[in-house]
Amino acid sequence: MLENLLKYLAPKQVKLVAVSKTKPLDQIMEFYDRGHKIFGENRVQELVQKQEALPKDIEWHFIGHLQSKKVKYLASFVALIHSVDSFKLLKEINKQAKKNDRVIDCLLQFHIAEEESKFGFNLETGKMALESTDFQECKNIRIVGVMGMASFTEDKNQIRREFKNLKSIFEVLKSNYFENAAWFKELSMGMTGDYKIAVNEGSTIVRIGSLLFGKRN
Ligand SMILES: *Cc1c(COP(=O)(O)O)cnc(C)c1O
């Protein structure tokens with residue numbers, strides 16, 4: 001599956017994050033030994049344990065809801081935080097990145113699903129965060145794009161609509177705040193059930209778990 005998936009994604013220049021949450025180390029190593037080095041986790045403790053146990057050239061992405069008080073555990077090694085869903089969190093990431101003498105790449109997570117969710121910016125709150133002077137002073141984070149999750153539904157048109165919405169949010173932010181920022185280019189959208197739709201709508205990073213690792217319990 002990995003090889004087929006990469007064959008589909010590579011020509012479109014879409015990056016694959018293999019979502020290894022709940023999966024054991026040896027399953028991650030199977031993919032590592034086949035050359036894949038980008039993995040995603042959604043729990044801090046699990047991520048830290050895996051990072052300590054596994055080869056240090058793995059690129060770890062954090063994809064779940066992140067509590068501010070836990071940022072310190074990831075700050076020394078995380079490659080990309082997909083799920084920055086509040087300004088408070090952004091400031092804490094900046095603080096911990098500074099302590100580690102790093103600049104941490106982040107995506108702003110937007111709430112695009114029609115279903116209810118507690119997490120994510122909307123266009124208005126996202127703009128407010130980016131316009132605040134507090135944010136201008138955050139020199140140890142780099143916003144490289146946006147992330148979103150479509151509704152859990154069979155309705156492909158709805159999923160497509162939600163991804164189109166994320167793409168348009170990306171374009172608005174790009175033209176308002178990141179016009180000359182070459183690094184602001186990532187659109188993290190698409191999972192096992194909807195990655196083909198996401199790729200058609202312009203995704204640059206897909207986060208895929210069950211298709212690669214099998215169903216989770
Ligand atoms: C679990 C998870 C995924 C992967 O889900 P699959 O359907 O198994 O591909 C992607 N993104 C986030 C944020 C997740 O929590």
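Counting starts at 1 for both ligands and their atoms, following the listed order. The first residue in the sequence is number 1, and the count goes up from there.
- Residue Arg216 places a heavy atom less than 4.0 Å from ligand 1.
- Protein heavy atom closest to atom 13 (C) of ligand 1, with residue, atom name and distance, is Ile63 O, 3.3 Å.
- For atom 5 (O) of ligand 1, the closest non-hydrogen atom of the protein is Met191 CE, 3.6 Å.
- With a 4.0 Å cut-off on non-hydrogen atoms, Lys21 touches ligand 1 through its side chain and not its backbone.
- Remark: Phe31 engages Phe213 in a ring pair (Phe, Tyr, Trp, His ring centres under 6.0 Å) (not counting sequence neighbours).
- Cys106 places none of its side-chain heavy atoms less than 4.5 Å from the side chain of Arg142.
- Counting protein heavy atoms only, atom 8 (O) of ligand 1 is closest to Ser210 OG, 2.5 Å.
- Taking the ring axis of Tyr8 as reference, the NZ or CZ atom of Lys12 stays within 45° of it and closer than 6.0 Å to the ring centre.
- A salt bridge links Glu114 to Arg161: at least one charged side-chain nitrogen sits closer than 4.0 Å to a carboxylate oxygen.
- The N/O atoms of Val19, backbone and side chain alike, include none that comes under 3.5 Å of an N/O atom in ligand 1.
- In terms of protein heavy-atom proximity, atom 9 (O) of ligand 1 is closest to Thr192 OG1, 2.5 Å.
- Taking both residues in full, the closest heavy atoms of Ala113 and Ser151 are given as CB-OG, 3.4 Å, listed atom of the first, atom of the second, then distance.
- Residues Val146 and Phe184 share a closest heavy-atom pair of CG1-CZ, 4.3 Å.
- In terms of protein heavy atoms, atom 11 (N) of ligand 1 is closest to Arg207 NE, 2.9 Å.
- Ligand 1 lies less than 4.0 angstrom from a heavy atom belonging to Ile208.
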